[in-house]
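Chain A is the first sequence line, chain B the second, and so forth, proteins listed ahead of strands; every chain is numbered from 1.
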Amino acid sequence: MEFLKELNENQQKAVKYTDGASLVIAGAGSGKTRVLTYKIAYLLKMGMAPGSILALTFTNKAAKEMKERIAQMVGANIARYLWMGTFHAIFSRILRSEAEHIGFTKSFSIYDSADSKSLIKSIVKEMKLDDKVYKHGFVQSRISYAKNNLITPDSYLANTDLLKADTASRIPLLKDIYKIYCNRCKQADAMDFDDLLLQTNVLFRNHPAILQKYQQIFGYILVDEYQDTNFAQYLIVKKLAEKHEKICVVGDDAQSIYSFRGANIDNILQFKNTYHNAQIFKLEQNYRSTQTIVNAANSLIDKNLQQIKKTVFSEKETGKPIKVLSVFTDFEEGFVIANNITDLRYSSNYRCQDIAILYRTNSQSRVMEEALRKQSIPYRIYGGLSFYQRKEIKDVIAYCRLICNQNDEESLKRIINYPARGIGDTTVNKLIECAQLHAVSAWEVLNDMLKYNLAVNAGTANKLAQFRSMIDVFAQQVPTQNAYDLANSIVKTTGVISDTFTDHSPENLSKQDNVQELLKAVHEFCEAKQKEGETITILPDYLAEISLLTDQDTDKETDKDKITLMTVHAAKGLEFKAVFIVGMEEELFPSPFCITERELEEERRLFYVAITRAEERCFISYSKSRFRNGKTNFSNPSRFIEDIDKEFLELPVENKPNGKQSSIGDWDDDMEVERNRFNNASFSKPVFKEQIIQSSPRHLVKVQGVSEERNPIENKAYPVGSFVKHAIFGIGKIIETSQVSGNDKADIDFGEKGIKSLLLKFAKLEVLT
DNA sequence: TCTAGCCGAGTTTTT
DNA sequence: CTCGGCTAGA
């Protein structure tokens with residue numbers, strides 16, 4: 001047990017306690033993953049069989065990393081038998097082997113959220129309801145909420161509170177949509193993400209013998225990120241652990257940020273009430289961040305009332321204060337951040353992969369992206385469209401899914417007329433209506449159009465029959481064909497990507513690349529399975545694997561050394577030497593949709609998560625105006641900045657070039673922060689784009705001393721003396737134009753608002769005269 | 001069946 | 001602004 005020496009005292013205690021239930025409260029950066037991995041290694045060394053350990057995580061990435069670390073410690077041959085994966089992955093595996101007990105088949109499809117949205121849309125349409133009232137997004141979240149709380153359609157009907165709430169929200173028929181939605185899923189032999197948890201509960205509730213079987217199998221259960229479990233997950237874990245209470249959950253209530261998805265922070269707060277003899281271990285030493293960052297984060301989270309008290313501390317160096325950057329516009333924000341990044345790269349020798357830009361909403365990525373691109377800083381955006389959500393990929397996968405499960409209605413709808421084969425919307429609607437009328441799947445109708453009286457003309461019937469037999473031919477090959485060969489012939493024969501061969505546009509070429517990429521992935525999957533001793537890997541096995549994958553799981557080698565751009569949510573569990581948290585403004589962070597104290601506390605935790613991602617440097621920026629939804633909106637600094645003790649912050653300082661007074665306007669009154677305009681933030685390190693691209697880091701440091709002297713330069717577009725209009729300051733008169741580091745700049749007298757030095761590329765001035 | 005054009009809406013999302 | 005969804009017309 002040499003490896004135990006690598007743990008501190010509390011970590012060791014948490015690892016070694018295996019007598020009963022235990023809760024490990026793990027502060028940010030306190031070695032949570034380390035405790036989990038070492039604990040599993042410890043259990044294995046104590047003689048526990050790997051096949052009786054169940055370890056649940058929230059992301060595939062976390063599971064994969066943990067598995068790799070354990071493999072290093074105890075050997076891959078042992079590690080591969082661990083039940084380790086996400087809740088969804090593990091229980092979809094169990095559901096597949098027990099599917100017939102709950103009315104599904106082994107090859108059930110998994111509907112992703114786009115599929116379920118599309119199904120909801122068609123149900124609302126078929127019920128002739130107003131889709132402006134029954135908005136698909138809202139209906140979807142309502143159904144998801146019900147499932148996460150284990151409310152089946154029948155118990156929904158019996159729940160007066162829910163019914164009342166729906167009537168009050170003018171959506172009384174939600175109960176019916178929910179019921180039909182579930183029926184349709186079952187008819188399609190499909191489960192959505194929430195079903196994977198709900199149906200597991202149904203399985204365990206209705207079949208005690210099966211529950212008992214898994215209670216026997218899982219001799220020890222570990223759960224990561226327990227603060228983010230919802231009721232469905234909580235109950236699965238509770239039932240499985242009931243017998244022996246050999247369970248260890250790890251989490252941090254201060255990092256609970258998924259309540260809007262049904263996560264219930266009470267699961268961790270009330271752990272002791274669920275498991276009466278639970279031991280609690282607190283990990284409070286942060287090994288990730290400087291003292292300043294840890295203390296700043298502590299002072300922030302201290303403002304939350306609801307929390308398990310703990311004292312996270314760091315013994316690393318004090319470190320630099322968190323730098324607060326104040327800018328005028330979101331464009332300038334991007335520019336300033338890019339400059340700061342350049343600075344870090346070349347004067348502190350940070351690599352791109354050490355740096356992350358975090359934001360509250362995905363839409364903020366655009367300006368950042370633009371700024372980075374302009375300065376040729378390599379970056380990678382996480383979130384947005386993932387590989388598996390791309391149209392061409394979804395199309396190919398829809399073929400694969402339909403071929404493996406002909407009842408899969410969403411896949412059928414997607415490709416029955418793609419590529420176009422003369423089966424229009426009218427026909428598809430008739431087909432589905434007919435199927436509903438006879439309570440069978442659409443495929444069933446296709447199989448016997450006469451029997452079900454499908455009212456289409458002979459030509460259409462012929463086209464439908466052709467489509468059916470094409471799918472049939474593939475379907476017959478499923479049990480005997482290797483997944484890669486079958487996928488390959490699907491792509492070649494169905495013409496699913498024939499659209500992309502019409503021209504050589506970059507979009508089309510990229511689509512072809514993506515499909516090749518997918519096929520390559522299938523190939524690799526088959527080879528990996530073969531190495532594990534499988535004789536043949538069939539297509540359904542591959543589908544089962546990828547339906548639960550996300551973009552984050554597909555890291556490419558070429559993406560290694562790049563700046564990371566992602567939402568704060570996506571950054572949870574990650575760490576970077578330097579972190580930029582941008583858009584720290586009211587109406588953005590906290591989100592205007594969070595009103596109640598409980599919701600605000602979650603937003604504060606989100607900010608806490610953001611800060612604690614940083615190891616050495618943390619920057620926070622806010623802009624006084626932001627371009628959103630086609631309009632420029634004014635904004636104030638986020639209240640959360642004030643929640644951090646000032647001693648840990650480096651607030652923007654006023655800088656007065658040439659002794660000119662530059663008044664701030666009204667924004668900063670509450671913060672006593674003054675603007676350090678373009679000088680400090682933007683130009684302390686003049687940016688020479690070309691040189692940055694070509695030269696080595698050391699070269700660049702030399703150029704940094706270049707003069708910042710301003711030389712008045714006549715600017716023809718903005719003649720001295722002319723009047724201009726600015727989005728924030730209103731009308732002003734140009735006093736002087738100049739160039740600084742190759743950027744056009746103007747000094748403008750805005751009367752009452754004072755004299756401002758503005759960069760023309762940001763100011764967006766309108767010339768009036 | 002396809003496409004241009006209009007209208008309206010617009011947080012966060014591990015699976 | 002920038003998507004998605006729908007309608008009108010080819």
Can a donor-acceptor pair under 3.5 Å be found between the side-chain atoms of A/Thr59 and the base atoms of B/dT14? no
Go through [options] for me and flag the one nearest to the [X] side chain.
| X | options | result |
| --- | --- | --- |
| A/Phe627 | B/dT11, C/dC1, B/dT13 | C/dC1 |
| A/Thr567 | C/dC1, B/dT13, B/dT14 | B/dT13 |
| A/Asn362 | C/dC3, B/dT13, B/dT11 | B/dT13 |
| A/Asn417 | B/dC2, B/dG10, B/dT14 | B/dC2 |
| A/Asp228 | B/dT12, C/dC1, B/dT14 | B/dT14 |

Can the ring centres of A/Phe193 and A/Tyr111 be said to be less than 6.0 Å apart?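 Ring centres of A/Tyr111 and A/Phe193 not closer than 6.0 Å.
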Base, sugar-phosphate alone, or nothing: which one does [X] contact when heavy atoms must sit under 4.0 Å apart?
| X | value |
| --- | --- |
| A/Lys125 | nothing |
| A/Leu358 | nothing |
| A/Tyr258 | base |
| A/Arg421 | nothing |

Is there ring stacking between A/Phe260 and B/dT12, where the centres must be under 5.5 angstrom apart and the planes under 30 degrees? yes
Using whole Å, what does the distance between atom [atom2] of nucleotide [N] and atom [atom1] of [X] come to?
| X | N | atom1 | atom2 | value |
| --- | --- | --- | --- | --- |
| A/Ile257 | B/dT11 | CD1 | C1' | 14 Å |
| A/Asp112 | B/dT14 | CG | C1' | 15 Å |
| A/Asp130 | C/dG5 | CG | P | 15 Å |

Determine, for A/Lys32 against A/Glu225, whether the closest basic-nitrogen to carboxylate-oxygen distance falls under 4.0 angstrom. yes
Hey, does the side chain of A/Asn462 reach the backbone of A/Gly459 with a donor-acceptor pair shorter than 3.5 angstrom?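 Pair absent, no side-chain N/O of A/Asn462 close to backbone of A/Gly459.
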Given the rule in the ring pair (Phe, Tyr, Trp, His ring centres under 6.0 Å) test, do A/Phe593 and A/Phe260 qualify, once you have shown the distances and angles that lead to the verdict? CA-CA 11 Å; A/Phe593 294 85; A/Phe260 69 96; over 10 Å; no
Can you find a pair of side-chain heavy atoms, one from A/Cys400 and one from A/Leu543, that are under 4.5 Å apart? yes
With DNA chain B as reference, determine whether A/Ala420 or A/His569 sits nearer its 5' end, using the nearest nucleotide of each.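 Comparing both residues, the 5'-ward one is A/Ala420.
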On DNA chain B, check which nucleotide each of A/Thr361 and A/Ser547 is closest to and give me the residue with the more 5' one. A/Thr361
Tell me whether the OP1 or OP2 atom of C/dC3 has a side-chain N or O from A/Asn629 closer than 4.0 Å. no
